[in-house]
2 protein chains.
Amino acid sequence: MTRNVRTYDHFCLVSRALERVGDRWTLLVIRDLLTGPNRFSDLADRLGGITPKTLSQRLRELEDAGLVTVDREPGRREVRYRLTPAGTDLAPVVDALGKWGLRHAWRRPRPGEPLHAEHVLRAVTQAAELAGADHRPTRWHFHVDGEDWLVVGDGRGWSLTAGAPTTPVDVTITAATGALAAFLFARSESDVDITGDAGPVRQFRRMADTVAAAVEPA
Amino acid sequence: MTRNVRTYDHFCLVSRALERVGDRWTLLVIRDLLTGPNRFSDLADRLGGITPKTLSQRLRELEDAGLVTVDREPGRREVRYRLTPAGTDLAPVVDALGKWGLRHAWRRPRPGEPLHAEHVLRAVTQAAELAGADHRPTRWHFHVDGEDWLVVGDGRGWSLTAGAPTTPVDVTITAATGALAAFLFARSESDVDITGDAGPVRQFRRMADTVAAAVEPA
DNA sequence: CTGGATCCATGATGATACTG
DNA sequence: CAGTATCATCATGGATCCAG
């Protein structure tokens, strides 16, 4: 049972929000649902280190709070967890944390730290937001370890979605996850293929420069 | 000792950030330092419900992480905790949480829930951000329970600072904390005095309408 | 009086193993 | 695949106490 009913009881919007999503692991579960519905095992994989007990507890709390719905297709064992609109609205919180993390909480990965394409792509999205505001509408297509991702800037903000784009893109980046991470965080160009017109490619590289500048002191 | 060294060990900017500020109470301590340096007892008062042990532990962790500095004036017993620039940079995270809380985590106060002017004013700031983007530069002066506060929108974002303004303002609002909270969250005009030119006053009321619209379903 | 520290009880989390 | 069960450990809440 142990329904987590801990409250702060402040008359404050921030503490109200943290009463819902302030528990350990909760915002990371949200993070890994922001790109689309996921199964229990996929979440457990991305959330390396979470125990099944904690994950199922968090998912139930999020469902009770109306931030997650559970799709159970009858006849199948497969279960898909999906964000509700209220859950999706947490994207700005996750992005604000990522942008702060880029500037102030970077550290080298520990040995054996798992590396997920989705997390690296989310870092790209957050770096693009941080790199600032000359946004014309922009579409970057990533082909990473056989999966397709689309990073879109609409002039006001940037977002990440899973799947191949269905309309033209400005830049296409092909790389393995590790090579892409090295490109972003260590200015390595090895095994990263970037194609597109000169202007958009320059904009993409400027995003990477933002990452390098933020990370270099560390 | 119990230095909290819990990590997530994901290669991800969000989890890096949460390793620093994801513990219970931590972001609320930041929240209550964003308007300026504060003493231990002032923090304990605003953070109603925190135990001294947890507060001193959080402050030490934040100091170790470089987000807070401790001003100990020699000869005086007074200690002031102050955010570093890295700590101040968490303002967007706190604001994103508050904006989400306004839309999705509002609930009526519990009986006896303490009410602090600073928290209500921060809700004003977050509601102004949510109300959107017709921002001309705007300055609202609040006189609440004998204290002065300034809410400034610079066209890109809004901020809250403690103290009386030293240059002209667009709107001046005078009210007790409770009356201001009732104005915001329950459309009560009792004992709230609003002065200023018609345009800026209309803009201020539009912010309050945003709050009412977000809160009414609940 | 401010600025904490100490002790204990309880609740939340981690590790590991196991099951429909 | 999608969890549950059990046990150990750690973090937090509540109360009290203390030093400058």
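In what follows, every chain begins at residue 1, and chains take the letters A, B, ... in the order their sequences are listed. Hydrogens, waters and symmetry mates are skipped; everything else that's a heavy atom, side chains included, is used. Predicted model, so just to flag it, every value in this text is computed and none were measured.
DNA chain D is contacted by both A:Glu78 and B:Thr51; A:Glu78 maps to the nucleotide lying nearer its 5′ end (nearest heavy atom per residue). Heavy-atom distances to DNA chain D give each of A:Val70 and A:Tyr8 a nearest nucleotide, and the one nearer the 5′ end belongs to A:Val70.
Atom C1' of nucleotide D:dG3 and atom CD of A:Glu63 are separated by 14 Å, given to the nearest angstrom. Rounded to a whole Å, the CG atom of B:Asp45 is 15 Å from the C1' atom of C:dC1. Look at CG on A:Asn38: it is 13 Å from P on D:dG3, rounded to the nearest Å. We find that CZ of B:Arg39 is positioned 11 Å from C1' of C:dG3, with the value rounded to whole Å. Per the geometry, CG belonging to A:Asp23 stands 8 Å off P belonging to C:dA12, to the nearest Å. Straight-line distance from the CG atom of B:Leu55 to the C1' atom of C:dG4: 10 Å, rounded to whole Å. If you take CG of B:Leu43 and C1' of C:dG3, they are 12 Å apart, rounded to a whole angstrom.
Residues from residues 28-37 of chain A with heavy atoms under 4.0 angstrom of DNA chain D: there are none.
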Please table the atom pairs, donor to acceptor, closer than 3.5 Å between any side-chain atom in residues 28-37 of chain B and protein atoms at least two apart or in another chain.
unit_1	atom_1	unit_2	atom_2	d
B:Arg31	NH1	A:His10	ND1	3.4
B:Arg31	NH2	A:His10	ND1	3.1
B:Arg31	NH2	B:His119	NE2	3.2
B:Asp32	OD1	B:His119	NE2	2.9
B:Thr35	OG1	B:Glu118	OE2	2.7

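Looking at heavy atoms from C-beta onward, A:Thr125 lies out of side-chain contact with A:Val152 at the 4.5 angstrom threshold.
Partners of B:His141 under the ring pair (Phe, Tyr, Trp, His ring centres under 6.0 Å) rule, at least two apart in sequence or in another chain, do not exist in this structure. Here B:Glu113 pairs with A:Arg16, B:Arg107 under the salt bridge (charged side-chain N to carboxylate O under 4.0 Å, His left out) rule; sequence neighbours left out. With sequence neighbours excluded, the residues satisfying ring pair (Phe, Tyr, Trp, His ring centres under 6.0 Å) with A:Phe185 are A:Trp106, B:Phe11.
The side chain of B:Thr54 contributes an N or O atom lying less than 4.0 Å from OP1 or OP2 of D:dG13. At C:dG14, one or more side-chain N or O atoms of A:Trp25 fall inside 4.0 Å of OP1 or OP2 (strictly under the cut-off). Regarding contacts with the backbone of D:dG3, a side-chain N or O of A:Tyr81 is found under 4.0 angstrom from either OP1 or OP2.
You'll find that the side chain of B:Arg72 is closest to C:dG4, out of C:dA12, C:dG4, C:dT13. Relative to the side chain of B:Arg24, the nucleotides C:dT13, C:dG4, D:dT12 differ in distance, and D:dT12 lies closest.
At least one donor-acceptor pair under 3.5 Å links the side chain of A:Arg139 to the backbone N or O of A:Pro168.
Listed here is the closest heavy atom pair of A:Ala212 and A:Arg187: CB-NE, 3.3 Å.
At a cut-off of 3.5 Å, with distance as the only test, no side-chain donor of B:Thr138 or B:Asp170 sits close to an acceptor on the other residue. B:Thr69 and B:Arg82 share no side-chain donor-acceptor pair at under 3.5 Å.
To the nearest 0.5 Å, the span separating OG1 on B:Thr177 from CZ on B:Phe142 amounts to 11.5 Å.
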Polar atom pairs between nucleotides 4-6 of chain D and protein, under 3.5 Å, N or O only, would you list them?
unit_1	atom_1	unit_2	atom_2	d
D:dT4	OP1	A:Arg60	NH2	3.3
D:dT4	OP2	A:Ser56	OG	3.2

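Residue A:Ser41 is classed as a sugar-phosphate contact, given heavy-atom separations below 4.0 Å to backbone atoms only.
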